[in-house]
Amino acid sequence: MTGSYWIETWGCQMNEHDSEKMAGTLEGLGYRPAASPFDADVVLLNTCAIREKAEDKVYHFLDRLRPHRAARPEMIVGVCGCVAQLVGEGIRKEAPFVDLVLGPRAAGKLPEYLAGAKDARGIVDTTLYQDSILAGTESVRRQPGRVKAYVTVMEGCNKTCTYCVVPATRGREESRPLEALLTEVRRLAGEGYREIEFLGQNVNAWRCPDTHAKLGDLLRAAGRVDGVRRLRFTTSHPLHLTSDIIAAMAEVPEVSDALHLPVQSGSSRVLQAMKRGYDREKYLAKVNELRKCKPELALSTDVIVGFPGETEAEFQETLSLVREVGFDQMFSFVYSARPNTVASLMRDDVPFERKAERLMELQALQREIQLAGHQHLIGRTFEVLVESRSRRDAEEWAGRTRCNRVVNFPGRGLAAGDFVTVRIVAAGPNSLRGERLDDAREGAPEGKIALA
Ligand code: 5AD
Ligand code: SF4
């Protein structure tokens, strides 16, 4: 018995892409997308457990689903992803109407459990299956147009950052073989995708189980695939960002000028308490090495404020590092204690209000830095990959530069996936405004636009 499905997704790109693969699995079984979660036959919640707030969202969503499930008991509700792994059976205690609880590495079992339909009710599977990557599953990619496609290169994380729940929810690292990845990249490029983003919780640690090739080799090989115009990879751990990866980033022209390199804190004492494996100086040295090899590189980062015991002076060190590096983009969070983590047992004497103030202070600084950085770009010309048309104005488009900055610009006769040349005319903290310089090229065959 099949019908319609809805997948609600929270969390990182890994989760987004897992949802694409789950959608592919469901469509392979004959399910079709539903118009809303409330009238779907199968509703899957692909959840994130990174902070308490992310976890709360899952329970709010379940509360909204509850009356609909009561009215239509044939509806199948599944909780998947990191909260499923973390809470397991406990989810059915909070919300007994949940039929299926599947950890991220058990998602490959969906067809088996759904085929059994009625018997599927009550299944809790949080096994960390070894071959669970849903590898080879046809994804239903969510982006309009064939702009960017994610490719999972590895599952899991072997790091032991003291604040982080991910090693518990996604299990040990498991890399996919080089050949399988290249086959997937070739297929996606053949379908017209312009940008490929390799995904792994600790992507720099990818290692081909057959050939022992490393990420640098993968970037070089993927760059040679016909039709691939941009290559990215996320998320990078500074400790595993080797000189060979940096060399490959510089050598392979398709590798974007943007890198996400989470620093977490500017204080060596805090970094040690987080067990990040580097200190402030080592992080800054890595940034220098990167900028030497790739001068146009835009760096983004993650920062946690209010880690247990973080002093005022240590927070100031974070501000000074942020000033020194001048990140292009930052994702910043107040520390959230997660179950069974080492940090959750640490003495935490910083009141939440002070942590929230620190976050505001950090974010205000980052806004200033971003605005100044963007204003610096006024007058410069960039190759922009067209992503989407504005909802409000049919002649207004948004795209991204190779350094992953968002540019809005007026244009006609465009489609998602086109490349255009844009000159920056104005700048805000979060995006740039530009004008097209290549109107004459309208109607040029897709992918044949050669840009300097
Ligand atoms: N509290 C707050 N932020 C966290 N992150 C990870 N774990 C926690 C936590 N317990 C942040 C880190 C990570 C990003 C994905 O989420 O900055 O890089
Ligand atoms: Fe959230 Fe981390 Fe799981 Fe991604 S891996 S969904 S960020 S908890």
Side-chain angles (χ1 to χ4, degrees), residues 10-15 48-57 82 86 157 159-170 201-202 234-241 259-284 286-287 299-367 369-370:
W10 294 271
C12 58
Q13 290 103 320
M14 294 285 284
N15 248 27
C48 171
I50 197 103
R51 284 168 291 275
E52 202 177 343
K53 257 197 211 149
E55 197 176 330
D56 291 346
K57 288 182 189 158
C82 292
L86 192 67
C157 181
K159 305 302 294 176
T160 49
C161 303
T162 54
Y163 52 80
C164 192
V165 79
V166 174
T169 61
R170 287 192 173 260
Q201 237 69 49
N202 182 11
T234 205
T235 201
S236 280
H237 191 298
L239 192 65
H240 298 260
L241 188 71
L259 181 73
H260 188 61
L261 195 65
V263 63
Q264 312 299 2
S265 169
S267 148
S268 295
R269 207 278 309 160
V270 173
L271 287 168
Q272 194 176 19
M274 289 175 164
K275 256 186 110 191
R276 289 289 288 174
Y278 56 86
D279 58 14
R280 179 189 174 99
E281 285 65 38
K282 284 215 180 86
Y283 184 88
L284 290 172
K286 205 54 92 177
V287 169
L299 278 173
S300 55
T301 201
D302 293 339
V303 175
I304 298 176
V305 301
F307 186 78
E310 181 192 69
T311 64
E312 199 53 46
E314 287 164 347
F315 171 63
Q316 291 299 326
E317 288 186 82
T318 295
L319 293 181
S320 84
L321 179 130
V322 165
R323 255 186 235 110
E324 190 169 338
V325 177
F327 292 104
D328 251 76
Q329 210 187 356
M330 174 190 294
F331 302 90
S332 48
F333 316 96
V334 170
Y335 167 76
S336 165
R338 306 309 292 132
N340 308 323
T341 54
V342 173
S344 68
L345 305 173
M346 293 178 185
R347 213 172 93 83
D348 189 0
D349 50 6
V350 186
F352 182 80
E353 297 69 43
R354 185 58 205 127
K355 295 186 184 200
E357 281 168 14
R358 285 181 189 167
L359 186 69
M360 304 272 278
E361 214 174 308
L362 175 64
Q363 290 181 342
L365 170 64
Q366 179 59 23
R367 237 186 330 271
I369 292 171
Q370 270 177 224

Check: Lys275/Thr160 side-chain N/O donor and acceptor closer than 3.5 Å: yes
Atom pair OH/CG of Tyr283 and Leu241 - distance to nearest 0.5 Å: 9.5 Å
Working for side-chain contact (heavy atoms from CB on, under 4.5 Å), residues Asp302 and Val263: CA-CA 6 Å; Asp302 293 339; Val263 63; over 6 Å; no
Candidate pair Phe333 and Leu359, rule side-chain contact (heavy atoms from CB on, under 4.5 Å), full reasoning: CA-CA 7 Å; Phe333 316 96; Leu359 186 69; 5.5 Å; no
Derivation of the side-chain contact (heavy atoms from CB on, under 4.5 Å) call for Met14 and Arg170: CA-CA 10 Å; Met14 294 285 284; Arg170 287 192 173 260; 4.0 Å; yes
Candidate list Val287, Val303, Leu321, Leu261, test side chain to side chain contact (heavy atoms under 4.5 Å, CB included), partner Phe327, passing option: Leu321
Aromatic plane relationship, His260 with Phe331 - under 30° parallel, 30 to 60° tilted, over 60° perpendicular: perpendicular
Shortest non-hydrogen contact from Cys164 toward Thr341: O-CG2, 3.5 Å
Cation over ring face, Arg338 and Tyr163, 6.0 Å, 45°: no
Residue pair Glu314 / Ser265, side-chain heavy-atom distance below 4.5 Å: no
CD/Glu52: more than 12 non-hydrogen atoms of other groups inside 6.0 Å: no
Spatial distance of atom CZ (Arg51) from atom CG (Asp56) [nearest 0.5 Å]: 12.0 Å
Gln316, CD: over 12 other non-hydrogen atoms inside 6.0 angstrom: yes
Minimum-distance pair of heavy atoms, taken over all atoms of Leu86 and Ala49: CD2-CB, 3.9 Å
Side-chain touch Gln13/Thr234, heavy atoms, less than 4.5 angstrom: yes
Heavy-atom side-chain proximity of Ser320 to Arg280 below 4.5 angstrom: yes
Val166 versus Cys157, closest heavy-atom pair with distance: CG1-CB, 4.5 Å
For Glu310, the option from Arg354, Arg358, Lys355 that meets side chain to side chain donor-acceptor pair (under 3.5 Å): Arg358
Closest contact, heavy atoms only, Met274 versus Ile304: CE-CB, 4.1 Å
Side-chain heavy-atom pair Met346, Phe307 within 4.5 angstrom cut-off: yes
Side chain to side chain, Asp328 and Ser300, heavy atoms closer than 4.5 Å: no
Flag, side chain of Thr318 to backbone of Gly266, donor-acceptor distance under 3.5 Å: yes
Enclosure of Asn340 CG (heavy-atom neighbours >12, cutoff 6.0 Å): no
Inter-residue atom distance Asp279.CG - Gln272.CD, 0.5 Å rounding: 9.0 Å
Side-chain ion pair, Lys286 and Glu281, N-O less than 4.0 Å: no
Under 3.5 Å: donor-acceptor pair, side chain of Arg367, backbone of Leu362: no
Set of ring-ring contact (aromatic ring centres under 6.0 Å, His included) partners for His237, sequence neighbours left out: His240, Tyr278
Test side-chain contact (heavy atoms from CB on, under 4.5 Å) applied to Gln366 and Val322, step by step: CA-CA 8 Å; Gln366 179 59 23; Val322 165; 3.7 Å; yes
pair Gln201-Thr235: side-chain heavy atoms closer than 4.5 Å: no
Residue pair Arg276 / Pro238, side-chain heavy-atom distance below 4.5 Å: yes
Heavy-atom closest contact (Val165 atom, Pro339 atom, distance): CG2-O, 4.4 Å
Nearest-0.5 Å distance that lies between atom CG in Asn202 and atom NZ in Lys159: 6.5 Å
Distance (rounded to the nearest 0.5 Å) between Gln264 CD and Ser267 OG: 13.0 Å
Nearest heavy-atom neighbours spanning Leu259 and Ser236: CD1-OG, 3.7 Å
Nearest-0.5 Å distance, OG of residue Ser336 to CZ of residue Phe352: 9.0 Å
